Amino acid sequence: MPEQILILDFGSQYTQLIARRIRELNIYCQIFPFNHYPTITPDVKGIILSGSPCSVRDEDAPDVDLGVFGNLPVLGICYGAQLMAQKTGGSVTPSKIREYGRARLSSVLNSDPLLAGISTGEQVWMSHGDTITALAPEYEITASTDSVNVAAYRKRNTNCYGIQFHPEVTHTIPGQKLLQNFAVSICGCRQDWTPGQFIENTVHKLKEQLGSDKVVMALSGGVDSTVAAVLVHKAIGQSLSCIFVDNGLLRKDEFNQVLASYRGMGLNIKGVDSKQRFYAALKGLTEPEAKRKAIGKTFIEVFDEEAHLISGVSWLGQGTIYPDVIESVSVKGPSVTIKSHHNVGGLPEHMKLKVVEPLRSLFKDEVRRVGHTLGIDPAILGRHPFPGPGLGIRILGDITAEKVALLQEVDHLFISGLKSHGLYDQVWQAGAILLPIHSVGVMGDERTYEQVVALRAVVSVDGMTADWSHLPFEFLSEISSSIINKVKGVNRVVYDISSKPPSTIEWE
Ligand code: XMP
């Protein structure tokens with residue numbers, strides 16, 4: 001294992017952000033639930049205790065045994081700081097004044113290694129309902145704001161620190177400096193966790209793990225599965241067989257283009273045209289979840305059949321990334337399933353193969369950096385996310401081959417327009433939606449009664465929240481004319497100006 005920082009999650013919405021900030025320092029870190037983390041091994045250089053929606057004063061407040069960490073450096077953030085303070089003899093009470101939002105440090109103990117280089121007056125960001133009102137005698141306050149006396153503290157002559165503000169959010173201006181002070185100066189991490197090192201370690205590990213075994217992978221043309229396949233290919237070469245299924249719901253010409261670029265990378269890939277099988281499975285289905293399930297089930301059947309044609313396969317490769325595997329801590333009840341994503345989720349259980357997932361520890365932006373270092377075409381690395389069920393969830397209502405062909409044309413005009421106007425990289429994801437309604441129009445002297453399409457383009461960081469992209473009106477106007485003039489059957493184009501939440505990115 002590379003040297004690393006462990007982040008124990010008490011359920012804060014910012015826990016993943018802490019991990020991303022540490023990773024940005026080229027230091028490896030992992031998130032574990034506060035009540036379920038591995039034995040502390042010598043590669044662990046420090047511990048971070050996250051924030052939480054809970055109060056340390058709650059009867060069943062999430063707790064952790066601090067003794068387990070020995071002399072390792074510990075940084076408690078918000079709830080983590082309050083928990084440490086309370087457990088060691090200090091006190092935490094409900095705040096009397098507002099401790100939410102921007103604040104300025106009014107005093108800073110500069111000799112403290114955690115706060116080195118951070119000055120009085122710098123902006124930090126608070127978000128808590130409780131506050132630390134007293135510390136045990138062996139602790140000292142190292143920073144305050146006008147309203148929060150114990151903004152930061154430390155246990156004298158140890159590497160145990162607490163802060164009540166959030167260094168991981170960008171509103172805390174010296175936040176990254178503070179995390180660097182902790183991880184580099186205090187924990188002694190070397191900052192050598194780079195894409196190049198990741199590739200070297202991963203390929204080495206894959207060689208050991210897979211030996212002369214055969215691996216099969218489903219590729220989608222997306223960033224994650226492509227980078228995962230290139231890593232496995234680097235380790236075992238032609239013992240990796242890749243399958244790319246045309247489910248009839250891909251973008252225009254995508255099947256052939258993607259196959260060609262995979263072949264160009266030297267991957268051993270088979271394209272399987274299963275369009276008619278998917279259309280048959282979808283016939284008459286209108287309900288979004290029913291369509292997703294039919295697409296997922298058909299995919300598993302096709303992939304399973306294809307995989308069985310390759311003799312002696314014992315592993316299934318997948319492009320699973322870190323946000324998919326972090327066990328989310330449910331301190332406030334189970335989270336609700338809004339849409340059943342990841343339609344290939346059932347694959348490993350169904351196929352009874354061992355699973356190899358070389359990207360399990362990476363965030364999306366790290367996958368792109370690794371892909372870049374591997375020399376993968378920037379056009380593939382920069383592709384917008386595209387859902388597994390593809391155009392199947394962008395054709396509202398039932399799906400037919402004719403509707404797919406129409407939407408492919410509309411989508412193609414929109415996406416190529418974004419590219420030619422230099423707007424493609426400014427949006428996170430874009431596409432067109434075929435609405436199940438007809439509207440009246442007039443073309444020449446003729447009355448028309450044709451279909452309506454919606455265009456959707458969003459800006460986002462991770463797809464969890466999103467805002468509609470403020471594309472220039474001139475561009476939208478040009479695309480609208482181009483679609484209505486060129487795509488027979490469409491006489492109206494609308495632009496979706498909803499943000500997520502309360503809407504979602506996809507319409508189904
Ligand atoms: P929503 O619509 O939930 O989408 O705001 C967030 C992101 O997830 C993608 N998405 C899916 N991806 N299978 C997938 O593989 C699905 O069923 C699915 N539904 C939505 C969506 O395109 C966006 O990037």
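In listed order, ligands and their atoms are each counted from 1. Predicted model, so just to flag it, every value in this text is computed and none were measured.
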Between [Y] and [X], do the side chains contain a donor N or O and an acceptor N or O under 3.5 Å apart?
X      : Y      : value
Glu506 : Gln429 : yes
Asn26  : Trp193 : no
Thr448 : Asn491 : yes
Thr226 : Tyr262 : yes
Ser225 : Ser220 : yes

What atoms of ligand 1 come within less than 4.0 Å of a heavy atom belonging to [X]?
X      : value
Trp428 : 24 (O)
Lys500 : 1 (P), 3 (O), 5 (O), 6 (C)
Thr504 : 1 (P), 2 (O), 5 (O)
Gly388 : 12 (N), 13 (N), 14 (C), 15 (O)

Within the side chain of Thr172, is there an N or O that forms a donor-acceptor pair under 3.5 Å with the backbone of Gly175?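 Judged by distance alone, no pair lies under 3.5 Å.
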Considering Pro288, Pro387, Pro385, which one's heavy-atom position lies nearest to atom 12 (N) of ligand 1?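 Going through Pro288, Pro387, Pro385 one by one, Pro387 has the nearest heavy atom to atom 12 (N) of ligand 1.
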So is there a nitrogen or oxygen of Pro389 less than 3.5 Å from a nitrogen or oxygen in ligand 1?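 Min N/O separation from ligand 1 is not below 3.5 Å for Pro389.
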Phe386 touching ligand 1 at heavy-atom level, < 4.0 angstrom: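 False for this residue.
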